[in-house]
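Working notes, beginning with the structure itself.
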Amino acid sequence: MRRVLPLLALLSLGFAPAPLPRPDRDKTRIDLKLFQGTWRVAGHHQWLDGAKKPSPWNITHVRVQNDQWTLLEANREVVTYRIEVHPQKKGGHIDWRGTMGEALWLGLIRRDGDSVEVIYLSANQRPGDFAAPPSGSMLIALQRRR
């Protein structure tokens with residue numbers, strides 16, 4: 001009996017289940033719930049002739065509350081759009097919608113911790129990826145406000 005107990009203890013160590021991953025530890029996962037809050041605009045660029053160029057913009061923050069995307073200039077609300085985030089679609093899709101549900105802009109969204117990048121083009125064309133977007137695509141870099 002003295003030999004069996006240590007053997008059982010040793011065997012039980014080898015079969016312990018691995019802990020399940022915690023979803024909040026995935027720094028790249030993005031969905032509408034994770035996108036909630038106020039984000040500082042860290043950069044605004046446009047792709048022209050294959051090059052990313054700074055684009056002046058007066059918007060200082062973006063607030064996401066439920067499915068509402070509000071552009072802020074300092075603390076003043078400028079405009080609000082309804083958004084849809086579809087992380088399961090290739091590249092992570094974000095769409096801005098008008099009051100009748102019509103597409104205003106189609107884009108891609110990606111997250112790295114407290115940073116989010118959004119790239120969009122038009123109501124008819126979504127950029128294919130972040131690496132080589134079509135000319136005219138806009139990129140907004142956001143940093144979560146603490």
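In this text the structure is predicted, and so the values were computed from the model without any measurement.
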Checklist entry - Taking all non-hydrogen atoms of both residues, which atom of Leu48 and which atom of Gly136 are closest, and how far apart? => result CD2-N, 4.4 Å
Checklist entry - Looking at Met138 and Ser55, what are the two nearest heavy atoms and their distance? => result CE-OG, 3.8 Å
Item to check | Spacing of Leu142 atom CG and Asp114 atom CG [to the nearest 0.5 Å] | outcome: 11.5 Å
Next on the checklist: In this structure, would Leu71 and Val41 fall into the same cluster of hydrophobic residues linked by side-chain contacts under 4.5 Å?
Outcome noted: yes
Next on the checklist: Does any part of the side chain of Trp39, heavy atoms only, come nearer than 4.5 Å to the side chain of Ile140, both counted from C-beta?
Outcome noted: no
Item to check | Shortest non-hydrogen separation from Pro87 to Asp31 and the atoms involved | outcome: CG-CB, 4.0 Å
Checklist entry - Can you tell me if Thr38 uses its side chain to pair, donor with acceptor, with the backbone of Arg63 under 3.5 Å? => result no
Checklist entry - Rounded to the nearest 0.5 Å, how far does OG1 of Thr99 lie from CG of Leu104? => result 8.5 Å
Checklist entry - Could you give the distance from CG (Asp26) to CG (Leu34), rounded to the nearest 0.5 Å? => result 9.0 Å
Item to check | Main-chain N/O of Gly107 paired to Arg126 side chain as donor or acceptor, under 3.5 Å | outcome: yes
Checklist entry - If you take all heavy atoms of Ser137 and Pro127, which pair is closest and at what distance? => result OG-CG, 3.9 Å
Item to check | Same cluster (ILVMFWY, side-chain, under 4.5 Å), Val116 and Trp57 | outcome: yes
Next on the checklist: With a 4.5 Å cut-off on side-chain heavy atoms, are Val64 and Gln68 touching?
Outcome noted: no
Checklist outcome for this item: Exactly one candidate in Phe130, Tyr120, Phe35 meets side-chain contact (heavy atoms from CB on, under 4.5 Å) with Ile109; the answer is Phe35
Next on the checklist: Can you confirm whether Ile94 sits close enough to Trp105 that some side-chain heavy atom of one is under 4.5 Å from a side-chain heavy atom of the other?
Outcome noted: no
Item to check | For Arg144 against Gly37, the heavy-atom pair lying closest together | outcome: NH1-CA, 4.3 Å
Checklist entry - Tell me, do Glu77 and Leu72 make a side-chain contact under 4.5 Å, heavy atoms counted? => result yes
Checklist entry - Hey, quick one: are Ile30 and Tyr81 part of the same hydrophobic cluster, counting side-chain heavy atoms closer than 4.5 Å, chains of contacts allowed? => result yes
Checklist entry - Just how far is it from atom CZ of Arg82 to atom CZ of Arg97, taken to the nearest 0.5 Å? => result 6.5 Å
Next on the checklist: Measuring only between side-chain heavy atoms, which start at C-beta, is Ile119 closer than 4.5 Å to Leu139?
Outcome noted: yes
Checklist entry - Got a second to check how far Leu108's CG is from Asp95's CG, nearest 0.5 Å? => result 9.5 Å
Checklist entry - Given side chains that start at C-beta, do those of His45 and Pro54 come closer than 4.5 Å, heavy atoms only? => result yes
Checklist entry - What are the two closest heavy atoms between Leu32 and Gln36, and how far apart are they? => result O-NE2, 2.9 Å
Item to check | Spacing of Arg111 atom CZ and Lys27 atom NZ [to the nearest 0.5 Å] | outcome: 9.0 Å
